[in-house]
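Excluded from the calculations below are hydrogen atoms, water molecules and symmetry mates; all remaining heavy atoms, backbone and side chain alike, are included. Protein chains get the first letters and strands the later ones, always in sequence-line order, with residue 1 at the start of each.
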There are 2 protein chains.
Amino acid sequence: MVKVLIVDDHPLFAEGIKAMFKPEDGIEVVAHTINGNAIPAILDGEKIDVILMDIDMPALDGIACMELLNLKGYQTPVLMLTMHQSIKQIKSALEKGAQGYILKDASKAELVQAITETSNGRNYFHHKINDQIFNYFRNKKPSMTGAQVLSEREKEIIKCVADGLNTKAISAKLFISEHTVKTHRRNIMHKLQVKTSPELIKLAMENGII
Amino acid sequence: MVKVLIVDDHPLFAEGIKAMFKPEDGIEVVAHTINGNAIPAILDGEKIDVILMDIDMPALDGIACMELLNLKGYQTPVLMLTMHQSIKQIKSALEKGAQGYILKDASKAELVQAITETSNGRNYFHHKINDQIFNYFRNKKPSMTGAQVLSEREKEIIKCVADGLNTKAISAKLFISEHTVKTHRRNIMHKLQVKTSPELIKLAMENGII
DNA sequence: TTGCTAATACCTCTTTAGTGGTATGAAAGG
DNA sequence: CCTTTCATACCACTAAAGAGGTATTAGCAA
């Protein structure tokens with residue numbers, strides 16, 4: 001029986017998943033938390049074979065949870081669960097050592113397979129994810145790889161732009177010169193390889209910068 | 001026993017909910033569909049007390065499903081289920097006659113209560129939703145109320161802008177004059193009461209237009 | 001020390017966005 | 001029949017963004 005810990009901020013979802021598994025599936029949800037910080041305590045308290053982790057969580061998201069686990073040296077396989085097939089999330093998850101990645105629109109059979117695979121130390125990626133990864137390496141768009149190289153100041157500028165402020169207003173708000181704001185904006189656009197501000201905002205929102 | 005039809009495009013979620021209800025809850029999921037167009041056939045085929053409907057669906061979304069049901073004269077109570085506490089969605093749902101509105105981050109107990117209430121012809125609104133409605137009537141911000149008044153063409157233009165196309169590129173893509181695109185953009189900005197395109201994209205993404 | 005980067009600031013120039021209008025044909029609805 | 005809405009198109013003007021540079025300061029790390 002594979003023992004699963006669910007990390008998800010939606011109680012309904014977690015309870016649903018828990019109730020879904022029948023003994024014949026060989027999977028049992030033994031714990032659930034909405035708080036990433038609670039994971040170590042749970043792992044220390046009982047045997048967990050697989051962590052089923054939602055990526056989209058308000059405070060401590062799935063990626064941050066992975067970092068926490070890595071930092072503390074836990075080796076429990078993690079299966080990432082998400083609504084979105086965002087390449088940034090997929091990439092982050094892979095980098096942090098996630099064992100698998102599955103979409104919330106998967107079927108129960110797929111989830112069972114995913115958990116079984118990851119519990120055995122193998123990797124599992126939903127077929128839709130494979131397509132995404134394929135596309136990514138094809139286009140080699142830095143898309144949001146660049147998000148990681150954005151400085152705090154740059155992110156601050158992006159938020160201002162998203163709020164409808166123009167360069168002058170941003171300079172006034174942040175107490176810096178208009179020229180500086182322009183330079184920042186230019187650097188941002190270059191880093192993220194977008195040509196217009198609207199596109200920048202779309203990219204930023206898709207990747208959680210805003 | 002309250003008989004429930006689930007309309008949701010995520011099989012995992014639907015299966016989870018279905019498995020979650022125990023006999024003592026007095027609720028039974030008797031049908032599930034991912035296709036809104038299939039609802040009438042299901043309602044005609046068996047007795048359904050409550051429709052548990054996801055709002056965020058790709059093709060025919062929850063609001064559109066409600067319209068379909070209204071059009072065909074079905075009176076089955078509908079409990080809307082959603083991830084987002086978007087005032088636009090709430091408002092639309094209310095207008096279309098939804099009996100209740102609950103968030104996906106509700107607990108099982110809340111869902112049971114919500115289904116029970118709606119099956120008895122009463123209204124149910126999640127407490128977080130109440131807060132939203134309160135805020136809405138307080139601020140009376142047109143924010144995304146305006147989304148409803150956007151024409152299809154206008155939404156198309158917004159998507160182009162979000163993809164980084166400028167006015168000229170949009171005109172070429174849609175085979176219309178640059179002047180026309182400018183007029184559309186101006187109308188959009190006015191309707192949504194934003195002053196810059198980046199702000200427009202932020203608003204559009206927050207409200208599911210993109 | 002040397003090298004790298006973030007944050008700051010300035011200049012010039014071209015392109016685009018944004019704002020003020022007006023107008024027409026088609027379709028939808030009262 | 002009339003009104004409204006949508007999509008279309010045009011003109012003229014101002015404001016802003018975008019693209020090409022260069023440069024100084026502070027801090028951090030190899």
> When you measure from the side chain of B:Ser197, which nucleotide among C:dG18, D:dA7, D:dA17 comes out closest?
Replying inline: C:dG18
>> Quick test of your reading of the model: are B:Lys191 and B:Glu154 salt-bridged, counting only N-O distances below 4.0 Å?
In response: yes
>> Please identify which of these residues, A:Val181, A:Leu174, A:Ile170, meets the side-chain contact (heavy atoms from CB on, under 4.5 Å) condition with A:Leu165.
In response: A:Ile170
>> Assess whether a salt bridge exists between B:Lys159 and B:Glu156, defined as any Lys/Arg side-chain N lying under 4.0 Å from an Asp/Glu carboxylate O.
In response: no
> Nearest to the side chain of A:Thr196, which nucleotide is it out of C:dC11, D:dG18, C:dG21?
Replying inline: D:dG18
> Do A:Ile6 and A:Asp54 come within less than 4.5 Å of each other through their side chains, counting heavy atoms only?
Replying inline: no
> Which angle, to the nearest 10 degrees, lies between the helix axes at the two ends of the helix from C:dT1-D:dA30 to C:dG30-D:dC1, each defined by five pairs?
Replying inline: 60°
> Would you find a donor on one side and an acceptor on the other, under 3.5 Å apart, between the side chain of A:Glu110 and the backbone of A:Ala106?
Replying inline: no
> Please give, in whole Å, the distance from C:dT16 C1' to A:Glu199 CD?
Replying inline: 15 Å
> Nearest-Å distance, CD1 (B:Ile201) to P (C:dA17)?
Replying inline: 12 Å
>> Run the salt bridge (charged side-chain N to carboxylate O under 4.0 Å, His left out) test against A:Arg186 and tell me which residues pass, sequence neighbours left out.
In response: none
Measure all distances between protein nitrogen or oxygen atoms and nitrogen or oxygen atoms of nucleotides 27-30 of chain C, and list the pairs falling under 3.5 Å.
none

> Under a 4.5 Å cut-off applied to non-hydrogen side-chain atoms, are A:Leu69 and A:Ile51 in contact?
Replying inline: yes
> To the nearest angstrom, how far is B:Leu150 atom CG from D:dC6 atom P?
Replying inline: 9 Å
>> Looking at D:dC6, I'd like to know if its phosphate oxygens (OP1 or OP2) sit under 4.0 Å from a side-chain N or O belonging to B:Lys191.
In response: yes
> Hey, does B:Ile55 have a side-chain heavy atom less than 4.5 Å from the side chain of B:Tyr101?
Replying inline: yes
> Does A:Pro198 or B:Asn187 map to a spot on DNA chain D nearer the 5' end, using the closest nucleotide for each?
Replying inline: B:Asn187
> Just how far, in rounded Å, is P of D:dC6 from CD of B:Glu156?
Replying inline: 15 Å
> When the distance from CD1 of A:Ile157 to C1' of C:dT8 is rounded to whole Å, what number comes out?
Replying inline: 11 Å
>> Less than 4.5 Å apart, side chain to side chain, heavy atoms only: is that true for B:Leu111 and B:Met20?
In response: yes
>> Taking B:Asp8's backbone N and O only, do any of them form a donor-acceptor pair with B:His32's side chain (distance below 3.5 Å, no angle check)?
In response: yes
> Rounded to whole angstroms, how far apart are CD1 on A:Ile188 and P on D:dG18?
Replying inline: 11 Å
>> What is the distance, to the nearest angstrom, from the CG atom on B:Leu174 to the C1' atom on D:dA9?
In response: 15 Å
> Which of residues 176-184 of chain B sit near DNA chain C, with a heavy atom under 4.0 Å from it?
Replying inline: B:Lys182
> How would you list all residue pairs meeting salt bridge (Lys or Arg N to Asp or Glu O under 4.0 Å) that involve residues 170-184 of chain B, not counting sequence neighbours?
Replying inline: none
>> Using a strict threshold of under 4.0 Å (side-chain N to carboxylate O), is an ion pair present between B:Glu28 and B:Lys3?
In response: yes
> Of all the choices, C:dA7, D:dA19, C:dG21, which nucleotide is nearest to the side chain of B:Arg186 once you look at every atom?
Replying inline: C:dG21
> Just by modelled atom types, is the B:Ile176 backbone N or O under 3.5 Å from a matching donor or acceptor in the B:Thr180 side chain?
Replying inline: no
>> Quick check for you: among C:dA6, C:dT8, D:dC10, whose closest atom lies nearest to any side-chain atom of A:Arg153?
In response: C:dT8
>> Within residues 162-172 of chain B, which residues have any heavy atom lying less than 4.0 Å from an atom of DNA chain C?
In response: B:Asn166, B:Thr167
>> From NZ of A:Lys195 over to P of D:dA16, roughly how many Å is that when rounded to an integer?
In response: 22 Å
> Do B:Glu199 and B:Met189 come close enough that some side-chain heavy atom pair is under 4.5 Å?
Replying inline: no
